[in-house]
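Data first, discussion second: the structure below is written as structure tokens.
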Amino acid sequence: MLAFAEGTSCTTTDPPLADSYRALLCRGELEGVGAASAHAVESLAMLERDLPIIDLERLASRDSRESKACADAMARAASEWGFFQVVNHGVGRDLLEEMRREQAKLFRLPFRTKDKAGLLNGSYRWGNPTATSLGQLSWSESFHVPLPSISREDCDYGKLNSLRGVMQVVADAMSRVAYTVAGTLAENLGQEAGGGEPVFPAGCDGTTCFLRLNRYPACPFAADSFGMVPHTDSDFLTILCQDQVGGLQLIKDSHWVAVKPRANALIVNVGDLFQAWSNNSYKSVEHKVVANSKAERFSVAYFMCPLSDSPVGTYGEPSPYKPFTFGEYRRSVRDDVERTGKKIGLPNFLKRSTVHGLD
Ligand SMILES: O=C(O)CCC(=O)C(=O)O
Ligand SMILES: [Fe+2]
């Protein structure tokens with residue numbers, strides 16, 4: 001009997017992932033492949049790696065050599081990895097633990113309440129109910145909340161009275177980290193903020209960013225199922241707080257590597273827009289979450305995004321990219337995904353297109 005037939009029961013709080021993916025998982029099992037079969041062989045032998053560590057306290061050092069060395073290390077990590085972790089970032093440990101407890105309470109609500117009751121501005125998403133192959137399966141649920149919604153009176157938190165306040169403080173604190181890091185990386189390319197308005201990140205303010213609360217339920221099926229499918233982030237910069245369960249992996253030198261969770265560190269990754277703005281100096285790197293068969297996992301992600309009609313621009317010409325706005329970028333991603341099931345992203349906007357058929 002197929003292992004899939006056993007142990008498929010899920011609680012009323014879990015999204016119906018097993019039901020939704022049943023046909024795909026059964027087919028995969030018969031064919032002897034897991035959801036992420038292309039990556040499976042590699043993941044067996046995969047070691048966890050520590051991402052480069054950047055101590056943000058060094059940035060504020062009075063010794064200018066110290067702060068310059070820190071900024072240089074950050075820029076090197078953004079170029080060579082597209083990912084790094086920051087410590088002494090100013091987001092309190094107690095606050096993040098409180099966020100984790102609030103998140104657990106939120107996701108423990110009945111699935112129907114999360115899905116249908118319009119909680120947190122109706123921002124609930126789960127899995128990928130339209131998946132047509134195992135490679136599109138995401139074993140996770142999330143609330144993807146625009147920052148201004150958090151404090152709006154009409155944003156419904158149900159009976160979770162303390163969630164709003166905690167989310168607001170987390171968003172503010174992560175925002176400070178994002179602006180510090182983005183500003184440092186921008187300056188490192190020779191872009192001085194000068195005395196007037198900060199020139200970077202253009203079009204990003206408190207109203208344009210997002211906070212996403214993720215939960216990855218334990219997945220009793222193939223060990224190499226995706227919690228989140230491989231992707232790059234379509235923003236400027238992402239700040240991520242993960243717990244100690246692990247599962248985040250990224251491409252480094254053409255291989256998947258697993259990120260070793262580190263208590264007290266936040267993870268930073270470069271998004272597509274920053275790669276474009278930096279003329280490819282900084283890399284928006286493909287990453288994914290591998291599902292865990294026994295433990296559930298939580299993470300919180302802060303996405304630094306600009307206004308929809310804001311030109312993404314470049315720190316200096318010549319840029320390899322045609323001018324485009326964030327809105328145009330998002331539309332192209334959505335259209336490609338609808339049409340082909342896959343995001344193309346930045347290659348669509350190259351001045352000399354490398355996308356087949358567009359030359
Ligand atoms: O949960 C994680 O570790 C990664 C989440 C992520 O990549 C995303 O939300 O874009
Ligand atoms: Fe991501």
Side-chain angles (χ1 to χ4, degrees), residues 54 56 59 83-107 109 114 118-125 140-185 198 200-216 228 233-243 248 264-271 273-274 297-308 310 326 330:
I54 307 296
L56 288 186
L59 258 190
F83 266 81
F84 50 92
Q85 43 191 343
V86 291
V87 294
N88 293 320
H89 41 66
V91 186
R93 186 188 191 134
D94 292 349
L95 173 64
L96 292 172
E97 279 171 7
E98 212 178 336
M99 183 72 253
R100 167 79 158 70
R101 282 193 296 274
E102 291 291 334
Q103 229 172 312
K105 272 196 272 174
L106 172 66
F107 284 110
L109 292 173
K114 290 181 286 191
L119 276 182
L120 273 68
N121 235 19
S123 58
Y124 181 69
R125 306 278 178 272
S140 56
E141 57 181 338
S142 67
F143 287 88
H144 189 74
V145 191
L147 291 199
S149 298
I150 296 175
S151 57
R152 276 175 57 150
E153 271 194 17
D154 59 359
C155 184
D156 183 8
Y157 287 83
K159 295 186 179 133
L160 302 171
N161 299 326
S162 39
L163 178 59
R164 183 196 301 268
V166 176
M167 276 180 77
Q168 188 63 63
V169 182
V170 168
D172 291 346
M174 283 190 162
S175 212
R176 283 193 287 276
V177 177
Y179 276 79
T180 301
V181 170
T184 304
L185 288 174
F200 181 82
C204 295
D205 63 31
T207 65
T208 56
C209 303
F210 294 81
L211 199 66
R212 177 143 85 204
L213 312 180
N214 292 313
R215 173 178 173 258
Y216 302 85
M228 192 175 285
D233 291 350
S234 300
D235 60 352
F236 268 118
L237 196 76
T238 306
I239 310 289
L240 180 84
C241 172
Q242 63 163 343
D243 61 19
L248 177 62
N264 298 331
L266 294 174
I267 291 173
V268 177
N269 66 283
V270 171
L273 306 187
F274 210 167
R297 172 178 187 269
F298 291 95
S299 69
V300 183
Y302 175 96
F303 296 97
M304 187 182 218
C305 300
L307 281 170
S308 192
S310 166
F326 180 43
R330 266 205 307 215

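Atom CG of Asp154 is separated from atom CG of Asn121 by 6.5 Å, given to the nearest 0.5 angstrom. Phe298 contributes atom CZ, which lies 12.0 Å from atom OG of Ser140 (distance to the nearest 0.5 angstrom). From Gln242, atom CD reaches atom CG of Leu96 across 12.0 Å, with rounding to the nearest 0.5 Å. Taking CD from Gln103 and CG from Leu160, the interatomic distance works out to 12.0 Å, rounded to the nearest 0.5 Å. Here the CG-CZ distance, from Leu240 to Phe83, works out to 8.0 Å after rounding to the nearest 0.5 Å. Here OG of Ser308 is found 5.0 Å from CZ of Arg330. Values are rounded to the nearest 0.5 Å.
Two residues are said to be in side-chain contact when any heavy atoms from C-beta on lie closer than 4.5 Å; Val169 and Leu95 meet this criterion. Put simply, the side chain of Phe326 does not reach to within 4.5 Å of the side chain of Leu307, judged on heavy atoms. The side-chain heavy atoms of Ile239 and Ile267, taken from C-beta on, include no pair separated by under 4.5 Å. Residues Val177 and Val86 meet the side-chain proximity criterion, which asks for heavy atoms closer than 4.5 Å. Contact of the Met304 side chain with the Thr238 side chain is not registered, since no non-hydrogen atoms from C-beta on lie closer than 4.5 Å. Here the side chains of Arg93 and Asn264 are in contact, with some heavy-atom distance below 4.5 Å. Side-chain contact between Ile54 and Val87: absent, with no pair of heavy atoms (C-beta onward) separated by less than 4.5 Å.
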Could you walk me through whether Thr207 and Asp205 pass side chain to side chain donor-acceptor pair (under 3.5 Å), step by step? CA-CA 5 Å; Thr207 65; Asp205 63 31; 2.5 Å; yes
Starting from the C-alpha separation in whole Å, work towards a yes-or-no answer on side-chain contact (heavy atoms from CB on, under 4.5 Å) for Leu211 and Leu147.
CA-CA 6 Å; Leu211 199 66; Leu147 291 199; 4.0 Å; yes
Is there a side-chain contact (heavy atoms from CB on, under 4.5 Å) between Val91 and Leu266? Walk through the geometry before answering.
CA-CA 9 Å; Val91 186; Leu266 294 174; 3.8 Å; yes
Would Asp243 and Arg100 count as a side-chain contact (heavy atoms from CB on, under 4.5 Å) if you check the C-alpha gap in whole Å, the side-chain angles of each, and the deciding distance to 0.1 Å? CA-CA 8 Å; Asp243 61 19; Arg100 167 79 158 70; 3.7 Å; yes
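Within the cation-pi definition used here (under 6.0 Å to the ring centroid, within 45° of the axis), Arg297 qualifies as a partner of Tyr216.
We find that Arg125 and Glu141 are not joined by a salt bridge, their nearest charged nitrogen and carboxylate oxygen being 4.0 Å or further apart. Salt bridge status for Lys105 with Glu102: present, with a side-chain N to carboxylate O gap under 4.0 Å.
No side-chain donor-acceptor contact under 3.5 Å links His89 to the backbone of Met174. Listed for the Ser310 side chain is no donor-acceptor partner under 3.5 Å among the backbone atoms of Pro306. Put simply, the side chain of Asp233 never gets that close to the backbone of Asp235: no donor and acceptor are under 3.5 Å apart.
A donor and an acceptor atom, one from each side chain of Ser299 and Asn214, are located under 3.5 Å apart.
Between Phe210 and Cys305, the closest heavy-atom pair is CD1-SG, 3.9 Å. The two residues Asn88 and Leu56 make their nearest non-hydrogen contact at O-CB, 3.6 Å. Taking all atoms of both residues into account, the shortest heavy-atom contact from Phe107 to Leu213 is CZ-O, 3.4 Å. The shortest heavy-atom contact between Leu119 and Lys114 is CD1-CA, 4.3 Å. Between Gln168 and Ile150 the shortest heavy-atom distance is OE1-CG2, 3.5 Å. In this structure, Ser149 and Cys155 approach most closely via the heavy-atom pair O-CB, 3.0 Å.
Under the ring-ring contact (aromatic ring centres under 6.0 Å, His included) criterion, Phe84 pairs with no residue at all, not counting sequence neighbours. With sequence neighbours left out, the salt bridge (Lys or Arg N to Asp or Glu O under 4.0 Å) criterion links Arg176 to no other residue.
Note: His144 and Tyr124 fail the aromatic proximity criterion, with ring centroids not under 6.0 Å apart. Here the two rings, on Phe303 and Phe236, have centers that are 6.0 Å apart or farther.
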